[in-house]
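Both counts, for ligands and for their atoms, begin at 1 and track the order of listing.
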Amino acid sequence: MSKLGIADFYKMKQEKKKISMVTAYDYGMMSLIDQTDIDMVLVGDSAATVMFGLDSTVSVTMDAMINMCAMVSRAASNTYVVGDMPYMSYELGIEKALDNAGRLMKEGFVDAVKLEGGTRIKNTIKALVDVGIPVMGHIGLTPQTASQLGGYKVQGKDFLMATQIIEDAFAVQEAGVFCVGLEAIPAPLAKIITESLNIPTIGIGAGVNCDGQVLILHDLLGMFDRFVPKFVKRYAELGQEIREALNRFTEEVRSSSFPDKEHSYNMDKEVENKLTEYIKNRNGK
Ligand code: KIV
């Protein structure tokens, strides 16, 4: 499958073909994802929880994001790569945002960057788009500022909050994003937004009517148990498989059934006999 681009994502929305997206953080996993039908990957700052063992995304740095983006991009021959702009990499002025987004593109080799926020960061998004950087928006629950939103909980349940999220959606569209992530909002609100925008919406905890869906890879594959939001569906139990495989290995090491002949190198019997003789003589000296 060849790599899709922004024009393809618009077309998919128009033709009502759903877009599939997962997160990726490293070369090994990305090599597998690249051999699948996944349309787009996000090098997410959710690495904070599933890769770095942190409780929030706030501490993720530009350097960490660039390293992960570069690893992922090296394996993504067939998949469009979006890199997350970490907390405080775009809030301190447009020049700093341009500088950091430029680094993600030049050093992380991503195809696009993602910023969290709506109306509040409209001018910043516009400045990035104006210099040719493709931007994905992210509204609703924005984990980098979750403490301001009352924690990791569904957003936009009441009329006022819902209208604010609708205004955020229009703001990022006007600023020029090519698609927008809708996180943890009621499905009817996501449907209204999706039907009102020209750009594709990618939902995570936003119901089935979005133009596409994204999940965190470790959640989808059953490799992360620390907390599991309501919107996570597991498509595999790799955590359990990994534990079982490692325990089988340990058992075979302890019982000397690994490595067997099949997994060992042999040598000519004649050389082996000579070596036995050699060591006998050597030890006898
Ligand atoms: O960082 C991330 O993985 C994200 C997803 C939750 C969309 O932003």
Task: Electrostatic pair Glu195:Lys191 at N-O distance under 4.0 angstrom - done: yes

TODO: For Gln148, look at atom CD and say whether over 12 heavy atoms of other residues, nucleotides or ligands are found less than 6.0 Å away.
DONE: no

Open item on the list: In this structure, is the centre-to-centre distance between the rings of Tyr80 and Phe9 below 6.0 Å?
Closed with: yes

- [ ] For Asn209 and Thr194, test the side chains for any donor-to-acceptor distance below 3.5 angstrom and give the result as yes or no.
- [x] no

TODO: Please identify each residue that fulfils side-chain hydrogen bond (donor to acceptor under 3.5 Å, both in side chains) with Lys3, with sequence neighbours left out.
DONE: Asp111

Open item on the list: Using ring centroids (six-membered ring only for Trp), state whether Phe224 and Phe227 fall under 6.0 Å.
Closed with: yes

Go ahead and list the nitrogen or oxygen contacts between ligand 1 and the protein that come in under 3.5 Å, distances to 0.1 Å, or just say none.
from: ligand 1; atom 1: 1 (O); to: Asp45; atom 2: N; distance (Å): 3.2
from: ligand 1; atom 1: 1 (O); to: Asp45; atom 2: OD1; distance (Å): 3.0
from: ligand 1; atom 1: 1 (O); to: Ser46; atom 2: N; distance (Å): 3.0
from: ligand 1; atom 1: 1 (O); to: Ser46; atom 2: OG; distance (Å): 3.4
from: ligand 1; atom 1: 1 (O); to: Asp84; atom 2: OD2; distance (Å): 3.0
from: ligand 1; atom 1: 3 (O); to: Ser46; atom 2: OG; distance (Å): 2.5
from: ligand 1; atom 1: 8 (O); to: Lys114; atom 2: NZ; distance (Å): 3.0

